[in-house]
Structures are given as C-alpha cells and as structure tokens.
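Heads up, the thing below is written out as structure tokens.
Hydrogens, waters and symmetry mates play no part in the numbers below; they use all other heavy atoms, side chains included.
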Amino acid sequence: MKKIALLLVLTIVFNTVSAQSKKKQILLLGTFHFENPGLDVAKVNTFNVMSDKSQKELENITNKINKFGPNKIFIEWNYQKQDNLDKFYNKNTDSLLHKDADEIVQLALRSAKKLGHKKLYGIDYNNADFPYDSLVKGMKEANQFDLIRKNEETMKYYQADHNKKITKYSLTELLLDTNTKASIEGNIGWYLQTAIKGGKKDNFVGAFLVSEWYRRNLYMYALIQKLSESQDDKIMVLLGAGHTAMIREFVEHNPEFEIVELATVLK
C-alpha cells in the first residue's frame with residue numbers, strides 16, 4: 001500500500017509541475033525532399049522549388065517562421081557531422097539559395113539567417129537499418145501474396161498521389177498538405193499495418209524494419225531534447241515527413257512540449 005501511495009504522490013507531483021511549467025513550442029515541419037535524391041522506397045517526381053513563384057513563396061514561408069521566432073532549428077543532417085554542417089552554414093548564403101534546391105538550404109538555412117542564428121543543429125542518426133529488400137523477400141518466402149499486393153498498391157498510390165499534386169499545388173499548398181492529419185497518419189500506417197506483418201512466423205524481418213525506423217527517430221527525438229536548453233521556448237524541426245510523423249507521436253506524450261501546427265504559423 002505504501003508503494004502505491006508513493007507512486008500516486010509522485011504522479012500527482014509530476015503532473016502538477018508539468019502543468020505549471022511553461023511548455024516549449026515545437027514547430028514540426030514535415031517535408032518532401034526538394035532535390036529528390038531517389039533514396040526513398042516510393043519514387044516520385046521532383047517539384048521545382050527554384051522557380052520564381054516558389055522562391056517568392058519560400059520568402060513568405062520563412063518570413064512567417066521568422067515571426068514565429070524559434071530559438072533553434074533542427075534538421076536532417078548526421079549529428080556526428082556537426083562540424084561539416086557548421087562549415088556549410090557559413091558559406092555564402094546568397095550563392096547557396098540560388099544554386100542549392102535542398103530543403104535544408106531553402107527552408108532551414110534561409111529561416112536561420114533571417115533569425116540571426118549562428119548555426120543549425122543536425123540530429124539525424126544514420127546507423128539504423130532499413131532492410132526493405134529483405135522485407136519483400138520475406139513476404140515472398142511466406143507466400144504473403146495479399147500483403148505483397150497491398151504493399152505494391154500503397155507505393156503506387158503514394159507515387160501517383162504525390163505526382164498529381166505537384167502538377168496542381170503550389171509549394172505552400174504542398175507543404176500544408178504534407179502536414180495534414182491524413183498525411184501524418186499515412187506515413188505511420190505503412191509501418192504498423194503492412195511492413196510489420198512481413199515474413200514467416202519465425203521471421204521478424206518486418207518487425208525488425210519497423211523497430212529500426214522507430215529507433216532512428218527515437219534517437220533523433222533524444223537529440224532534440226538534449227540540445228534544447230531551458231531558454232529555448234520555441235524550436236523548429238525540419239525533417240522528411242516520415243520522420244516528423246514519428247516525432248509528433250513521441251512529443252504528444254511529453255508534457256514539456258506543445259506542438260504548433262504549420263498551418264497556424266503560415267496563416
């Protein structure tokens with residue numbers, strides 16, 4: 001009984017302290033890869049972010065981010081190569097903005113420079129495995145033909161949907177769409193509804209792939225917390241949409257953070 005009572009007291013104290021503490025606002029900006037290196041499983045067409053129209057939109061978007069005022073910006077860059085990121089950040093900004101279409105340059109660096117930040121913070125963890133070929137092989141060996149068909153249909157739908165949208169949507173509309181509830185749930189759904197089932201009864205290749213994806217994102221989330229200081233009341237996290245979908249799930253269980261939606265920042 002004493003242990004139960006102590007647990008209840010600690011729970012009440014924790015909840016009280018959390019309620020009284022000012023929450024850190026976190027802008028989770030999930031994006032597609034502007035330069036589209038073709039490394040993702042789903043192959044999609046490239047959107048031209050270097051057009052005059054898109055560049056004007058990027059100016060507007062980053063002006064709104066500037067108004068939001070994050071103290072730090074975290075990006076999809078290997079955390080072990082922060083020195084390289086620091087050198088990259090100190091290159092000629094105008095030259096980078098006119099030549100490099102990567103979202104790190106066009107969104108993160110552009111925003112950070114406007115905010116007067118001295119650096120960007122790399123939080124990517126690249127030592128996790130993603131055995132997609134083994135997953136497909138495991139499905140075939142297990143004669144999971146319905147699962148194979150579902151997987152192929154999911155990939156085809158995502159590719160067709162994205163390719164259709166980039167012919168109709170502006171850059172701002174694409175980014176807002178990428179951060180809707182439906183898109184976020186879709187990014188997580190494939191892992192927990194399709195991939196995890198892959199393999200025979202004694203072959204957990206699907207569960208292993210999902211666990212590695214969670215591990216990579218958990219490590220990134222750990223770095224966000226480790227690098228956020230007490231004075232950082234607002235932060236921004238710019239990652240591929242699949243990553244921010246996972247980070248969102250973790251943040252929702254942390255009473256120290258309050259998620260700020262991109263749509264709110266851009267309104």
Side-chain angles (χ1 to χ4, degrees), residues 19 21-34 44 46-76 93 97 101-117 120-121 123 158 161-189 220-221 224 228 231-267:
S21 302
K22 184 179 179 181
K23 294 184 177 183
K24 291 181 182 294
Q25 292 188 320
I26 177 169
L27 169 61
L28 295 174
L29 206 173
T31 182
F32 56 96
H33 292 301
F34 289 1
V44 296
T46 302
F47 183 89
N48 182 16
V49 301
M50 303 305 286
S51 68
D52 290 342
K53 183 176 184 299
S54 291
Q55 286 296 302
K56 289 178 181 177
E57 288 184 70
L58 283 162
E59 278 296 306
N60 180 61
I61 291 168
T62 52
N63 284 340
K64 295 290 181 67
I65 290 171
N66 185 20
K67 187 176 179 181
F68 170 64
N71 303 106
K72 285 188 173 78
I73 297 177
F74 301 96
I75 62 169
E76 198 170 330
T93 304
L97 290 174
D102 192 282
E103 63 271 13
I104 288 175
V105 171
Q106 296 299 326
L107 279 171
L109 186 143
R110 192 190 297 250
S111 296
K113 291 293 186 178
K114 288 182 177 181
L115 288 158
H117 289 185
L120 292 168
Y121 294 83
I123 59 167
Y158 175 78
D161 183 60
H162 180 82
N163 291 339
K164 180 180 178 181
K165 286 175 179 175
I166 65 174
T167 64
K168 297 171 58 179
Y169 289 8
S170 67
L171 177 59
T172 304
E173 290 171 333
L174 276 173
L175 288 173
L176 287 171
D177 180 77
T178 301
N179 288 274
T180 59
K181 184 178 179 180
S183 293
I184 292 165
E185 291 177 348
N187 276 304
I188 297 177
M220 294 167 77
Y221 179 52
I224 291 172
S228 294
Q231 66 268 28
D232 299 330
D233 58 346
K234 295 179 181 180
I235 61 174
M236 170 176 148
V237 179
L238 175 72
L239 304 169
H243 296 296
T244 53
M246 298 298 301
I247 301 295
R248 174 181 290 267
E249 183 177 309
F250 306 147
V251 169
E252 287 176 347
H253 295 283
N254 188 340
E256 295 179 2
F257 284 106
E258 175 187 11
I259 295 174
V260 176
E261 302 295 346
L262 178 62
T264 302
V265 172
L266 298 187
K267 68 180 181 180

Shortest non-hydrogen separation from [X] to [Y] and the atoms involved:
| X | Y | value |
| --- | --- | --- |
| Asp233 | Lys22 | OD2-NZ, 4.0 Å |
| Ile235 | Phe257 | CD1-CE2, 3.8 Å |
| Leu107 | Thr62 | O-CG2, 3.7 Å |
| Ile247 | Leu239 | CG1-CD1, 4.1 Å |
| Gln55 | Val49 | NE2-O, 2.8 Å |
| Phe74 | Ser228 | CZ-OG, 3.7 Å |

Evaluate the side-chain proximity of [Y] to [X]: yes if any heavy-atom separation is below 4.5 Å, no if none is.
| X | Y | value |
| --- | --- | --- |
| Glu76 | His33 | yes |
| Lys113 | His117 | no |
| Met220 | Met246 | no |
| Phe34 | Ile104 | no |
| Met236 | Gln25 | no |
| Leu27 | Leu238 | no |
| Val237 | Leu29 | no |
| Ile75 | Tyr121 | no |

When rounded to the nearest 0.5 angstrom, what is the spacing between [atom1] in [X] and [atom2] in [Y]?
| X | Y | atom1 | atom2 | answer |
| --- | --- | --- | --- | --- |
| Asp177 | Ser183 | CG | OG | 4.5 Å |
| Tyr221 | His253 | OH | NE2 | 9.5 Å |
| Phe250 | Ile224 | CZ | CD1 | 10.0 Å |
| Ile65 | Leu58 | CD1 | CG | 9.0 Å |
| Glu256 | Ile26 | CD | CD1 | 11.5 Å |
| Lys181 | Glu261 | NZ | CD | 11.0 Å |

**Request:** Could you please spell out the steps behind the side-chain contact (heavy atoms from CB on, under 4.5 Å) verdict for Thr244 and Arg248?
**Result:** CA-CA 6 Å; Thr244 53; Arg248 174 181 290 267; over 6 Å; no
Any salt bridge linking [X] with [Y]? Criterion: basic side-chain nitrogen under 4.0 Å from a carboxylate oxygen.
| X | Y | result |
| --- | --- | --- |
| Lys168 | Glu173 | no |
| Lys56 | Asp52 | no |
| Lys234 | Glu258 | no |
| Lys72 | Asp232 | yes |

**Message:** So does Gly30 get a backbone contact from the side chain of Asn179, meaning a donor-acceptor N/O pair under 3.5 Å?
**Reply:** yes
**Asked** Strictly by modelled atom types, are Glu103 and Thr31 linked by a side-chain donor-acceptor pair under 3.5 Å?
**Response** no
**Residues Leu175, Ile61; criterion side-chain contact (heavy atoms from CB on, under 4.5 Å); working and verdict** = CA-CA 10 Å; Leu175 288 173; Ile61 291 168; 3.8 Å; yes
**Request:** Kindly determine whether His162 and Ile166 satisfy side-chain contact (heavy atoms from CB on, under 4.5 Å), including the steps that lead there.
**Result:** CA-CA 6 Å; His162 180 82; Ile166 65 174; 3.5 Å; yes
**Request:** Count the heavy atoms belonging to other residues, nucleotides or ligands that lie under 6.0 Å from NZ of Lys164, then report whether that count exceeds 12.
**Result:** no
**Request:** Apply side-chain contact (heavy atoms from CB on, under 4.5 Å) to Asn48 and Ser54, showing your working.
**Result:** CA-CA 8 Å; Asn48 182 16; Ser54 291; 5.9 Å; no
